[in-house]
Amino acid sequence: MSASTPVDEPVNDPVDGPAAPADDPLARERSHLTASRAALRAMREDVEALDIRDVTANWVNAEVLQRQIDERIKALADLSDTPLFFGRLDYLRAPGAERAEGAEGAEGAEGEQFYIGRRHVHDADGDPMVIDWRAPVSQPFYRASKKDPMDVGLRRRFGYTGGDLTAYEDEHLSDPAEAAATSKLLQQEIERPRVGPMRDIVATIQPEQDEIVRSGLSGSVCVQGGPGTGKTAVGLHRVAYLLYAHRERLARTGTLVVGPNRSFLHYIEQVLPALGELAVAQATVDDLVAHVEVRGTDDATAATVKGDARMAEVLRRALYSHVAMPTEPVVVVRGSRRWRVPAYELEEIVRQLLDRDIRYGAAREALPQRIAHAVLVQMERAGEAPDDRVQDAVARNAAVKAAVKAVWPAADPAKLVLRLLGDAEFLTEHAEGLLDEQEQKAVLWAKPARSVKSAKWSAADTVLIDEAADLIRRTPSLGHVVLDEAQDLSPMQYRAVGRRCSTGSATVLGDLAQGTTPWATRRWEEALYHLGKPDAVVEELTAGFRVPTDVITYASRLLPHIAPGLTPVASIRENPGFFEVRGASGPDDVVAACRELLTREGSVGLVAADPRIPDLTEALASAGLPHVSPGEETTESTRLTLVPASLAKGLEYDYVLLDEPRAIVDAEPDERTGLRRLYVTLTRAVSGLVITHSAPLPSQLTRSGNDVRVGLSGPAKAD
């Protein structure tokens with residue numbers, strides 16, 4: 001391989017653009033970049049120049065078309081600090097060409113050359129200058145190898161400083177004499193310091209990641225990935241790929257990314273727009289089930305019971321207990337005739353609807369039509385010839401309406417849950433055989449609320465209301481849903497998300513070792529069952545790209561205690577990273593460590609147990625050290641983020657200062673959950689980690705009960 005130096009392999013002329021010296025490949029690549037940016041600008045200008053004044057039938061169509069044009073203009077934006085292309089493929093022959101039996105190459109004919117980038121760019125004649133990374137012809141950029149070159153002779157990677165092309169690196173896949181080597185540019189891109197939100201990884205997607213990204217829309221995928229394995233990026237790029245491959249279908253059905261909290265969603269929100277995808281909705285589970293205002297909280301026991309899948313059956317029983325078998329006939333008067341539907345026939349109609357197992361609301365809407373049909377049968381037997389209009393009129397008859405109200409009354413999901421949680425007898429009646437006495441007592445409100453508005457609903461209560469709402473009327477389904485940090489969801493929350501993709505597919509992302517709720521997922525098979533996707537394929541990512549070797553090795557000491565049997569992450573980074581455990585006597589030492597880390601390039605996260613955040617906030621303010629909170633934008637002048645441990649999941653910083661590990665463990669309801677929270681916080685660092693503590697470290701982190709200090713040179717003597 002070679003970087004930023006000329007190579008023997010000839011470089012074909014770029015399409016258009018200024019001329020470059022024939023013996024200077026880097027200059028020729030820069031020329032192609034300049035020409036490509038000009039072509040993208042021309043594509044945008046063409047869209048901006050569209051005149052739609054005389055092509056729409058009315059103002060509504062004009063508004064819709066104009067909105068589509070505006071979105072297209074945004075998608076064609078040229079981000080000056082984002083490389084337009086990051087690689088090049090030189091095929092031995094045209095992609096897709098059939099290889100002759102026994103042939104080694106392409107009959108001596110040179111194939112095509114393609115530049116791989118974030119979006120498609122073509123010149124004025126429509127010829128491609130940059131190929132979208134999602135196109136089939138781009139796939140070998142991620143998967144081709146010496147063993148399987150996939151008809152690629154040369155793979156070239158480009159290095160950038162800001163938006164300027166400054167280096168290139170070649171890999172001759174068809175040359176058996178050239179030894180395979182680790183890409184320096186790839187390593188530099190993976191390890192590049194970051195400030196601000198998460199960025200895309202299109203230039204560094206690995207073969208095992210690419211296989212997940214390009215899996216089909218019809219099947220669901222669950223990705224188990226430890227810290228730094230890129231599972232979140234894989235999920236987001238999978239959305240981008242599916243939108244490319246199934247644009248029309250997903251435009252009709254919609255896509256959604258579900259994250260654990262607002263800070264996390266803010267952190268990832270720029271990834272898809274950078275790939276030209278602007279129409280993907282983002283939400284938390286709480287957003288999806290926001291039927292009522294959350295003003296209360298549950299203790300761990302109550303929340304665990306409310307999140308148990310058994311509550312779905314309790315709700316179903318409670319809802320259908322409102323259905324009463326008819327005891328009186330229905331008499332419909334039309335003109336001078338009276339038509340009587342006896343009680344036993346009404347009961348048969350009701351039982352048929354119950355046996356069909358359709359939604360409560362749909363069955364209630366069907367009931368008057370069923371009764372009206374019974375009346376029409378009698379009319380036909382009497383020699384009349386009623387049509388559909390007569391049936392609709394009978395269904396609206398006052399007697400039929402009264403019967404439906406008595407037999408199958410309307411139901412409100414919030415009122416149903418209100419009664420279930422506030423009426424002990426009602427709960428006992430419908431939880432019999434499902435919840436024991438202590439579990440029923442745990443979910444009952446100490447003081448029943450008088451109305452839906454006055455109730456102090458908890459987050460778990462809103463999930464119950466969402467379940468009840470779906471029992472009454474089907475929740476609309478999207479085409480694809482990405483569920484990130486899924487290991488923290490309760491079975492009832494899985495059901496809530498699953499309803500949003502009941503007719504679509506899902507990408508589930510998580511790490512069993514990072515589950516920090518009392519109801520955290522223990523086996524993905526159980527989670528996928530509750531999600532409604534039992535046939536989903538479970539993939540495991542074990543190669544670590546973001547967390548340094550020394551850091552992930554240290555954090556992995558916790559795995560036997562929090563997730564026995566889980567494969568530890570193996571960092572593939574050449575740079576072992578900076579790692580140090582040091583004593584601290586108080587907040588001043590923590591502030592001093594922050595100042596030290598801020599002398600390095602990149603973002604810094606000060607992570608601490610939630611109860612310690614106020615004291616650290618005051619210490620930073622007293623020291624005049626500016627900082628932001630998770631979800632707020634970091635800048636070159638404000639690179640320090642103060643992160644409560646409860647919000648650290650999914651976030652990454654170049655350098656992390658972890659304050660008082662024992663306090664993080666002690667802040668959780670039990671030690672195992674606390675150790676999982678600690679595992680999360682230990683693995684947020686991309687380039688270096690410093691641990692400060694005055695209290696003894698958790699014994700699970702030490703070897704033979706000793707605290708080990710590890711720095712750039714490896715383990716040092718114990719404190």
Side-chain angles (χ1 to χ4, degrees), residues 7 9-22 24-50 68-69 71-80 82-98 105-142 144 150-158 160 163-165 168 170 173 202-203 214 240-241 243-245 247-248 274-277:
V7 294
E9 190 274 330
V11 181
N12 293 341
D13 289 331
V15 181
D16 296 328
D24 189 350
L26 185 60
R28 295 171 68 84
E29 300 296 14
R30 287 171 174 165
S31 175
H32 186 81
L33 176 61
T34 300
S36 298
R37 289 196 182 282
L40 179 61
R41 184 166 58 252
M43 291 170 61
R44 182 184 173 101
E45 290 171 352
D46 286 345
V47 179
E48 291 173 333
L50 290 175
Q68 293 174 342
I69 290 175
E71 291 177 353
R72 176 62 175 163
I73 292 172
K74 290 180 181 178
L76 290 172
D78 185 6
L79 307 177
S80 60
T82 301
L84 191 57
F85 57 78
F86 46 81
R88 198 186 87 191
L89 291 177
D90 291 6
Y91 277 89
L92 295 174
R93 59 178 177 278
E98 293 294 334
E107 302 294 337
E110 186 179 26
E112 297 185 74
Q113 183 182 94
F114 297 96
Y115 287 82
I116 312 302
R118 284 167 172 76
R119 68 197 67 198
H120 173 84
V121 179
H122 60 256
D123 63 13
D125 297 325
D127 294 325
M129 301 189 68
V130 180
I131 301 295
D132 195 301
W133 66 276
R134 298 166 288 187
V137 73
S138 303
Q139 186 172 335
F141 183 78
Y142 302 106
M150 300 177 71
D151 293 328
V152 173
L154 177 137
R155 172 167 52 203
R156 174 169 287 181
R157 299 182 189 274
F158 297 108
Y160 287 81
D164 298 326
L165 198 163
Y168 71 91
D170 287 344
L173 298 175
V202 289
R214 295 177 190 267
Y241 171 77
L243 286 168
Y244 174 88
R247 179 76 60 186
E248 293 185 4
L275 299 175
E277 300 300 344

Determine the minimum heavy-atom distance between [X] and [Y], stating which atoms define it.
| X | Y | value |
| --- | --- | --- |
| R214 | A135 | NH1-O, 3.7 Å |
| V121 | A39 | CG1-CB, 3.7 Å |
| R156 | E29 | NH1-OE2, 2.6 Å |
| S138 | I116 | OG-CD1, 3.5 Å |
| R157 | A203 | NH1-O, 3.7 Å |

Sequence neighbours left out, what passes ring pair (Phe, Tyr, Trp, His ring centres under 6.0 Å) with F158? Give chain and number order.
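Listed in chain order: F85.
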
Roughly how far apart are D123 CG and M43 CE, rounded to 0.5 Å?
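Answer rounded to 0.5 Å: 10.0 Å.
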
H120 side, atom NE2; Y244 side, atom OH - distance, nearest 0.5 Å:
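It is 8.5 Å, given to the nearest 0.5 Å.
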
From CA spacing to verdict: side chain to side chain contact (heavy atoms under 4.5 Å, CB included), L275, R119:
CA-CA 7 Å; L275 299 175; R119 68 197 67 198; over 6 Å; no

Just by distance, do the side chain of Y142 and the backbone of V202 share a donor-acceptor pair under 3.5 Å?
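Yes, the answer is positive, given that a donor and an acceptor are paired below the 3.5 Å cut-off.
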
Quick one: does any side-chain atom of Y91 pair with a main-chain N or O of V137 as donor and acceptor, under 3.5 Å?
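Side chain of Y91 to backbone of V137: a pair is present.
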
Got a sec, which residues hit salt bridge (charged side-chain N to carboxylate O under 4.0 Å, His left out) with R30, two or more places apart in sequence or on another chain?
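Result, salt bridge (charged side-chain N to carboxylate O under 4.0 Å, His left out) vs R30: none returned.
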
Under the salt bridge (charged side-chain N to carboxylate O under 4.0 Å, His left out) test, which residues partner E71, sequence neighbours left out?
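In terms of salt bridge (charged side-chain N to carboxylate O under 4.0 Å, His left out), with neighbours along the sequence ignored, E71 is linked to no residue.
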
Before you tell me yes or no, could you show the steps for F141 and F86 under ring-ring contact (aromatic ring centres under 6.0 Å, His included), namely the whole-Å CA-CA distance, both residues' side-chain angles and the distance that decides it to 0.1 Å?
CA-CA 10 Å; F141 183 78; F86 46 81; 5.6 Å; yes

Under 4.5 Å between any side-chain heavy atoms of H32 and R88, yes or no?
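Counting from C-beta outward, H32 and R88 never come under 4.5 Å.
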
Are Y115 and L84 close enough that some pair of their side-chain heavy atoms sits under 4.5 Å apart?
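Side chain of Y115 against side chain of L84, heavy atoms only: no contact under 4.5 Å found.
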
Pairs involving residues 31-43, ordered by first then second residue, that meet salt bridge (Lys or Arg N to Asp or Glu O under 4.0 Å) (sequence neighbours left out)
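Output for this query lists R37-D78.
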
Exceeds 12 heavy-atom contacts within 6.0 angstrom, atom CZ of R72
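No, the 6.0 Å shell around CZ holds no more than 12 heavy atoms from other groups.
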
Sequence neighbours left out, what passes side chain to side chain contact (heavy atoms under 4.5 Å, CB included) with P83? Give chain and number order.
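Once residues adjacent in sequence are excluded, the partners of P83 under the side chain to side chain contact (heavy atoms under 4.5 Å, CB included) criterion are R118, Y160.
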
For E277, check side chain to side chain donor-acceptor pair (under 3.5 Å) against everything at least two apart and list the hits.
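For E277, the residues satisfying side chain to side chain donor-acceptor pair (under 3.5 Å) (neighbours in sequence not counted) are R134, R247.
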
